[in-house]
Protein chains: 4
Amino acid sequence: MGSPTFDLPPDTGAPPARRSRRKQARPGELLEAALDLFVSKGYAATRVEEVARLAGVSKGTLFLYFPSKQELFKALVRHVLADRFAEWSLELDNYQDDTASLIHYCYEVWWTRIGATKACGLPHLVMAEAHNFPEIAAFYRQEVVVPGNRLVERILQRGIDRGELRAMDVGYGTTLVLAPLIFCAIAQSSGGLCLPNPQFDVPAFLRLQADTLVRGLAPDAQGALP
Amino acid sequence: MGSPTFDLPPDTGAPPARRSRRKQARPGELLEAALDLFVSKGYAATRVEEVARLAGVSKGTLFLYFPSKQELFKALVRHVLADRFAEWSLELDNYQDDTASLIHYCYEVWWTRIGATKACGLPHLVMAEAHNFPEIAAFYRQEVVVPGNRLVERILQRGIDRGELRAMDVGYGTTLVLAPLIFCAIAQSSGGLCLPNPQFDVPAFLRLQADTLVRGLAPDAQGALP
Amino acid sequence: MGSPTFDLPPDTGAPPARRSRRKQARPGELLEAALDLFVSKGYAATRVEEVARLAGVSKGTLFLYFPSKQELFKALVRHVLADRFAEWSLELDNYQDDTASLIHYCYEVWWTRIGATKACGLPHLVMAEAHNFPEIAAFYRQEVVVPGNRLVERILQRGIDRGELRAMDVGYGTTLVLAPLIFCAIAQSSGGLCLPNPQFDVPAFLRLQADTLVRGLAPDAQGALP
Amino acid sequence: MGSPTFDLPPDTGAPPARRSRRKQARPGELLEAALDLFVSKGYAATRVEEVARLAGVSKGTLFLYFPSKQELFKALVRHVLADRFAEWSLELDNYQDDTASLIHYCYEVWWTRIGATKACGLPHLVMAEAHNFPEIAAFYRQEVVVPGNRLVERILQRGIDRGELRAMDVGYGTTLVLAPLIFCAIAQSSGGLCLPNPQFDVPAFLRLQADTLVRGLAPDAQGALP
DNA sequence: TATGAATGAGACTTCATTCAT
DNA sequence: GATGAATGAAGTCTCATTCAT
């Protein structure tokens, strides 16, 4: 049940010694700072010096840990997105309740662990820079998109098998499930720019979305076009 | 049924003369080029000289028509996204069929006019640059987000009034309708990075999405959580 | 008794026809505009397009008459400064009164014909650009500085010969006479920046200066250092 | 008896190492270089890269110390012209001899500290750019023109009080005293363009000017116009 | 002849990266 | 290791000049 952000060193309360403090924690602090800034300002508009300052080190020190701005960005993506799906897959294996509940649970969990955290800015950022960082795009596809789709495929297949969902093309069905999450991630990280008003309650929307989706995928749903 | 892109001058086959004087056509050509490059490379990674070259003019000529890179971007947003909603609103007024058909029709029309064109890259771009260009964000909200939501609100209210949709919070319902379109726009403009495979058929997905949505919003839908 | 500015064509009252009006007057109008702008904004900060607009023609037309900005500047200096000293020399030949009156008269005349007109901005401009325009500097020295000094030398020599001025090195004396004029020209053209207050009355100062100078050069003046 | 220019670092004979770190010395070196180039070529014709090269650093380094070309110019004006008057005011307070000597002394001191140094090019430059940089003009008026006039006012009033000068409007009298200095500054910085010949001995002229001025302001001077 | 659209060299400025300390 | 002064390539924008109309 990992935190969606980074494991910060335990705060000892005392101000750390200036020069030689927590050397092994530096990369994490730099990535934390990079996440903040890349997500809120975009890749190009973020200066490496800002990242260093926010992490409490000098510009030169950043380059000791990451050989370039591009490598910093790649490391950030790898760091934030790695090893989430293994954990989630386990949770799915152990889930006992019906599919409607499972979908609701997934949306809730996603919100708690991703949507409500700074990590939710990354998908947007990765997609925006996909053309400039093909390597990152490939990594993202392999480490995030494919596992995410696998996970949802299993959920849908389980629902169909249990008679809780109507028969469907599971490949497209996964996107039906994932699209709202990606939408919410982007809505969040763009300051709600695609939402109708600033009071928009994203968790409530996700509940409505889950409910509507479950209704729409129910075996006995009415109203389909011929 | 306006084209979502610009009217290029008729291609006479001959390469345009050097230093040809085409004051009327220049802004459209430059915006067309800007759309191509901004959408595919991002705002910061696009150099104004590239835009000018793609439009077949020199760097200086671009600045004759747009006083800065930022103004070029604003003009692009205005040109591509403005004046679509008036037309759509008219179509809605004249629509006769039931709500399920209307929603399907909207998704189809959106795909034809936006999703399948280069214009579909703009929402992504605007959201990515929202923090750097608050003025553009405000403009986008006012000229695109708000009118779009208004349009969908009318569709939903019409459906509820006609007894074709269940009662709901129309404010959140609009986002249920719009989110898939925004998702598809971003999926398209990021090279399908959030889609499960390269053969993903977006129009087919939109049909499935419309169908599922209509089912989910139907008055007699089953399966809602307590 | 020439005007210190340019001879404009007689104003016929009727608005001139757009295209083919007063072609032979164009260079003069352009030089008039150039004087205005060069003097008030400096050489570099003046754009040729501004000059053309102020003269009522297009940028291209300016280049029909002057092959470059530098040549426009040279032509301006030549035009404004040419043929002033011949006239003044004649007036000097015919002057009858005593030297004190003559010096007062010279300062008055200078003020009327130069100091109070836009032409008084030129010395400043020429001196500021002397390093960038050695050719103009040489021309200015030959056509303005040398004749001006000659004229004043004759005045001083006449005064010494008539016993109205003490014996002196006439070469340095001329600079005593001319320095206040140059000072006033620069004070005027810099917006009074070297003057103690905005109400400074330059003609009154020149009268005081002439008076003080005459006293200081009088044969029986007291107070010299040992 | 402060030097009007900057204290350069001691020349060790060896060429400075590439990428040497000299944070303390840089601003002074850059201002020194800026003084040289601005004064000899004018503001617009001086490129910041030239300034940097003359100071032995790269273009980027200049912008490390001065955020823009305009700020460099302002800093130069402040540095060269500020803090001279406090010192001079003190000297004036302690002066014991008669007014004629004092005026001579002032001119001598001005020549030594300003006229004979590169600093004498600044007044000309500031006046030439006054229209383009109103902020600098205001600063110059407040920090240089006003204090300078104050100082001379005190000298004249002291002379009148001691019966060594005739009664006069002290406001205009100050300009009588200062005009020759400004004239000489401009003459120097324009390569002697307004002087009758290249052998013109400026200190000798200033002595003659002081002498003539003192005679002209003497209480018993003869020869005033009615 | 007159126009003004078009050009492109060149200016200022930024910032990722290097490296002496 | 850590620093931050220094670098210089690269970007935006200006404007004198050209030239098709």
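Just so we're clear, the structure is a prediction, and the values are computed from it rather than from any experiment. Proteins get letters first, then strands, A, B, ... in listed order; numbering begins at 1 in each.
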Do any of residues 52-61 of chain D sit with a heavy atom less than 4.0 Å from DNA chain E, and if so which? D/K59
Under a 4.0 Å heavy-atom cutoff, the residues of residues 40-49 of chain D touching DNA chain E are D/T46, D/R47, D/V48
So do C/K118 and C/L35 actually touch side chain to side chain, heavy atoms under 4.5 Å? yes
Mind checking salt bridge (charged side-chain N to carboxylate O under 4.0 Å, His left out) for D/E50 and listing every partner two or more places apart, or none if nothing turns up? D/K41, D/R47
Quick one: salt bridge (charged side-chain N to carboxylate O under 4.0 Å, His left out) partners of D/R78, sequence neighbours excluded? none
Enumerate the residues from residues 68-75 of chain C whose closest heavy atom to DNA chain F is under 4.0 Å, giving them by residue number; use none for an empty result. C/S68, C/K69
Partners passing ring-ring contact (aromatic ring centres under 6.0 Å, His included) against B/F139 (at least two apart in sequence or in another chain): none
Side-chain atoms of A/Y65 come closest, of F/dA2, E/dA5, E/dT14, to F/dA2
Quick note, A/L64 side chain, CB onward, closest among F/dG1, E/dA5, E/dA2 is F/dG1
Run the side chain to side chain contact (heavy atoms under 4.5 Å, CB included) test against C/A138 and tell me which residues pass, sequence neighbours left out. none
With sequence neighbours left out, the residues meeting side chain to side chain contact (heavy atoms under 4.5 Å, CB included) with D/A128 are C/H124, C/A128
Please convert DNA chain F into dot-bracket. A pair counts if it is Watson-Crick or G-U wobble with both distances under 3.5 Å; crossing pairs go in [ ] and bases paired with another strand get |. .||||||||||||||||||||
Calculate the interatomic distance between A/F63 atom CZ and E/dA16 atom P; express it in whole Å. 7 Å
Quick one: A/L30 CG to F/dG1 P, roughly how many Å, whole number? 13 Å
Please confirm whether the shortest side-chain N or O distance from D/R26 to OP1 or OP2 of F/dA6 is below 4.0 Å. yes
The complete set of salt bridge (Lys or Arg N to Asp or Glu O under 4.0 Å) pairs with one or both residues in residues 57-67 of chain C, sequence neighbours excluded, reads C/E49-C/K59
With sequence neighbours excluded, what pairs up with A/S190 under the side-chain hydrogen bond (donor to acceptor under 3.5 Å, both in side chains) test? none
side-chain hydrogen bond (donor to acceptor under 3.5 Å, both in side chains) filter on B/S68, not counting sequence neighbours, yields none
Would a line drawn from the ring center of B/F133 to the ring center of B/Y43 be shorter than 6.0 Å? yes
When all nucleic acid strands are considered with a 4.0 Å heavy-atom cut-off, which category describes C/F66: base, sugar-phosphate, or nothing? nothing
